Amino acid sequence: MMNLIRQNPSLKAIPFASLRRWLLPFSTAINGNHQCPSPPPFSVLDYLTSSCGFPSEDALRISEKLGNSGCAETAVEIVNYLRASGFTDAHMKKLIGYYPKVLEAALEDDLKPKIKAFQGLGVSGVRLADLIISQAAYLSRDIEKWILPSIAYLKTLLSSDEDVVRALRNSGWCFSCDVRKRMEPNISILRRCGLPHETVLKFMVRKPRLLMVKPDRLEEMIKKAYELGFQHGSGMLPQAVWVISSMNQGTWDAKFEILKSFGLNEEQIVLTFQKCPYFLSMSETKMKRALRFFMGELKFTPSDVAENSNMMRLSMDKRIIPRLSLVKLLLSKKLLKRSLSMSTILVMSENKFYNDYVLKYKDEDPDVFDVYERLRK
């Protein structure tokens with residue numbers, strides 16, 4: 001038995017119960033005249049439940065997707081390789097759950113070259129695993145046809161490998177078509193709109209999907225942004241176009257109706273979009289909640305909403321309510337000598353707010369720290 005394991009190192013990772021079941025026919029052979037029956041194959045289902053921690057129901061669903069092509073030894077090799085590359089058990093469960101076919105990939109000819117393509121950009125360990133999980137469909141793309149050409153093209157445009165990684169993380173579409181053929185016309189279109197080359201490239205890193213749309217579609221969205229008051233060469237133009245691209249007409253109209261129901265007229269609604277395009281990218285539920293809070297609790301008028309839409313898109317639970325509640329507490333305890341503008345309170349970075357309004361008063365009143373931490377949970 002030990003000789004068999006030494007000859008097959010991958011068997012070390014197989015659960016003992018399954019290994020025992022696999023070897024049992026050999027131990028029951030009476031003598032050399034009896035031919036040993038073929039061992040039953042080691043089950044991918046067993047491996048997923050025993051070694052990867054999947055519940056039986058999930059493991060069954062995954063193994064059914066693999067069908068007859070699922071090989072336990074291949075699955076063991078792949079999982080071991082990914083773990084050695086920085087994938088935690090949590091990463092493995094997410095990846096296998098989303099893309100089960102990773103377990104039947106050709107390790108040397110397919111999976112390793114794809115992982116090395118990202119490692120070549122300076123990404124490794126847990127950060128590599130996070131990146132793969134964020135765009136798991138990447139593993140289904142052809143390495144020679146899509147992945148390597150996409151990375152090579154982005155490297156000619158962007159100033160650092162880190163920017164290339166950010167662009168890839170923000171859009172798996174970069175591996176689904178000819179990136180150069182799709183992006184170059186769109187970059188030219190945005191440049192003709194008066195946007196500096198650097199602005200276009202920065203937006204490529206943050207919202208690369210916008211540059212992957214068909215050129216005629218991009219021109220339609222730019223035309224709509226102009227109709228809504230955005231100027232040629234405005235730095236806000238790419239944001240406006242991206243928000244327009246993210247919604248169909250039905251969703252766009254529904255959000256206009258929400259704003260109208262809170263008393264905003266057409267002109268004020270357009271102004272909210274001009275002040276902060278991302279405000280209209282909020283879900284309808286979050287938009288309604290923000291409007292109820294600002295107009296109900298803080299007594300904002302429709303005009304106030306239009307002028308301050310940049311604040312209203314911030315997180316209610318992580319920023320708006322905790323910060324305003326803390327400042328109110330500091331004023332009531334006379335720890336804060338003067339009131340601050342709401343925009344100052346809400347827009348400043350978390351690090352600055354924490355240092356200036358939490359840690360600064362922690363020694364004078366421990367409740368300050370406790371209240372803020374409790375509200376942000």
Side-chain angles (χ1 to χ4, degrees), residues 118 121-123 127-128 130-138 146-147 150-177 179-215 217-222 224-226 228 230-247 251-252 272-283 286 309-315 318-319 346-351:
F118 274 138
L121 294 170
V123 187
R127 190 161 168 259
L128 169 68
D130 288 339
L131 181 57
I132 297 295
I133 293 298
S134 72
Q135 298 293 346
Y138 157 81
W146 301 122
I147 295 173
S150 295
I151 291 175
Y153 176 64
L154 291 175
K155 290 183 75 167
T156 66
L157 293 175
L158 301 174
S159 59
S160 68
D161 286 350
E162 180 60 29
D163 280 347
V164 174
V165 171
R166 289 176 62 199
L168 295 175
R169 183 176 60 238
N170 290 331
S171 180
W173 286 21
C174 292
F175 298 126
S176 62
C177 64
V179 174
R180 180 188 295 272
K181 185 176 180 180
R182 185 61 63 86
M183 281 190 170
E184 281 188 345
N186 290 333
I187 291 173
S188 297
I189 290 171
L190 291 175
R191 293 286 285 114
R192 290 199 300 271
C193 291
L195 297 175
H197 189 64
E198 293 74 18
T199 300
V200 175
L201 295 185
K202 284 180 181 179
F203 203 76
M204 178 193 294
V205 171
R206 295 170 186 161
K207 306 289 184 184
R209 185 177 296 185
L210 180 63
L211 294 174
M212 300 295 289
V213 301
K214 293 181 178 180
R217 171 63 178 148
L218 179 60
E219 289 181 327
E220 288 176 9
M221 294 185 293
I222 291 172
K224 185 169 184 175
Y226 283 154
L228 289 167
F230 290 86
Q231 301 298 313
H232 182 85
S234 167
M236 300 283 277
L237 182 62
Q239 296 179 29
V241 174
W242 183 84
V243 172
I244 291 169
S245 75
S246 70
M247 291 183 281
T251 303
W252 183 267
T272 66
F273 188 52
Q274 292 172 349
K275 290 284 186 178
C276 180
Y278 291 135
F279 175 67
L280 283 183
S281 70
M282 296 171 68
S283 70
K286 289 182 178 179
S309 54
N310 64 317
M311 293 191 301
M312 297 180 63
R313 67 173 290 269
L314 299 171
S315 170
K318 295 294 184 182
R319 181 172 292 211
L346 296 180
V347 175
M348 72 172 64
S349 70
E350 178 61 25
N351 187 57

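Here the structure is a predicted model, which means the values were calculated and not measured.
Shown here are the ring pair (Phe, Tyr, Trp, His ring centres under 6.0 Å) partners of F279, two or more places apart in sequence or in another chain: there are none. Judged as a side chain to side chain donor-acceptor pair (under 3.5 Å), and not counting sequence neighbours, S160 has no contacts. For E220, the side chain to side chain donor-acceptor pair (under 3.5 Å) criterion is met by no residue, not counting sequence neighbours. The salt bridge (charged side-chain N to carboxylate O under 4.0 Å, His left out) test applied to R192 returns E219, not counting sequence neighbours. Applying the side chain to side chain contact (heavy atoms under 4.5 Å, CB included) rule to R191 yields the partners I187, H197, V200; only residues at least two apart in sequence or on another chain are considered. Scanning for side chain to side chain donor-acceptor pair (under 3.5 Å) contacts around Y278 gives an empty result, with sequence neighbours left out. F118 meets the ring pair (Phe, Tyr, Trp, His ring centres under 6.0 Å) test with Y138; sequence neighbours excluded. Checked against side chain to side chain contact (heavy atoms under 4.5 Å, CB included), K155 has the following partners two or more places apart in sequence or in another chain: L121, I151, D161, V164. Residues that satisfy the side chain to side chain donor-acceptor pair (under 3.5 Å) test with D163, not counting sequence neighbours, are S159. Partners of Y153 by ring pair (Phe, Tyr, Trp, His ring centres under 6.0 Å), not counting sequence neighbours: none found.
Inter-residue side-chain proximity for M311 and V347 is flagged as met; some heavy-atom pair is nearer than 4.5 Å. In this structure, L210 and M221 have side chains that are in contact, with non-hydrogen atoms separated by less than 4.5 Å. Looking at P238 and K207, their side chains never come closer than 4.5 Å, going by heavy atoms from C-beta outward. Put simply, the side chain of M204 reaches to within 4.5 Å of the side chain of L201, judged on heavy atoms.
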side-chain contact (heavy atoms from CB on, under 4.5 Å) for F203 and L237? Distances and angles first, verdict last. CA-CA 11 Å; F203 203 76; L237 182 62; over 6 Å; no
Could you walk me through whether N170 and R209 pass side-chain contact (heavy atoms from CB on, under 4.5 Å), step by step? CA-CA 8 Å; N170 290 331; R209 185 177 296 185; over 6 Å; no
Could you go through the side-chain contact (heavy atoms from CB on, under 4.5 Å) check for R166 and L158 one step at a time? CA-CA 10 Å; R166 289 176 62 199; L158 301 174; over 6 Å; no
Give the intermediate values and the outcome of side-chain contact (heavy atoms from CB on, under 4.5 Å) for residues I222 and L190. CA-CA 9 Å; I222 291 172; L190 291 175; 4.0 Å; yes
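Sorted by first then second residue, the side-chain hydrogen bond (donor to acceptor under 3.5 Å, both in side chains) pairs that include residues 232-243, not counting sequence neighbours, are Y226-H232. Applying the side-chain hydrogen bond (donor to acceptor under 3.5 Å, both in side chains) rule to pairs touching residues 179-190 yields R180-E184, sequence neighbours excluded.
Atom CG in L280 sits 9.5 Å away from atom CD1 in I244 (nearest 0.5 Å). Put simply, CE on M282 and OG on S309 are 10.0 Å apart, with the number rounded to the nearest 0.5 Å. Going from atom NZ of K286 over to atom OG of S315 covers 7.0 Å, rounded to the nearest 0.5 Å. Atom-to-atom distance recorded for M312:CE and T272:OG1 is 9.0 Å, nearest 0.5 angstrom.
R127 and G122 make their closest contact through NH1-O, 3.9 Å (heavy atoms, listed as atom of the first residue, atom of the second, distance). The two residues R319 and M348 make their nearest non-hydrogen contact at NH1-O, 3.4 Å. Here the closest non-hydrogen pair linking V179 and S150 is CG2-OG, 3.2 Å. The minimum heavy-atom distance between S134 and R169, with the atom names listed, is OG-CG, 3.6 Å. The heavy-atom pair separating P208 from A167 by the smallest distance is CG-O, 3.3 Å. Scanning all heavy atoms of the two residues, the minimum distance from V241 to A225 falls at CG2-CB, 4.2 Å.
Annotation: K202, atom NZ; neighbour count of heavy atoms from other residues, nucleotides and ligands within 6.0 Å does not exceed 12. For E350, the CD atom sits in a packed shell: over 12 heavy atoms of surrounding residues, nucleotides or ligands are nearer than 6.0 Å.
Side-chain atoms of N310 never come within 3.5 Å of backbone atoms of K275 as a donor-acceptor pair (strictly under, hydrogens ignored).
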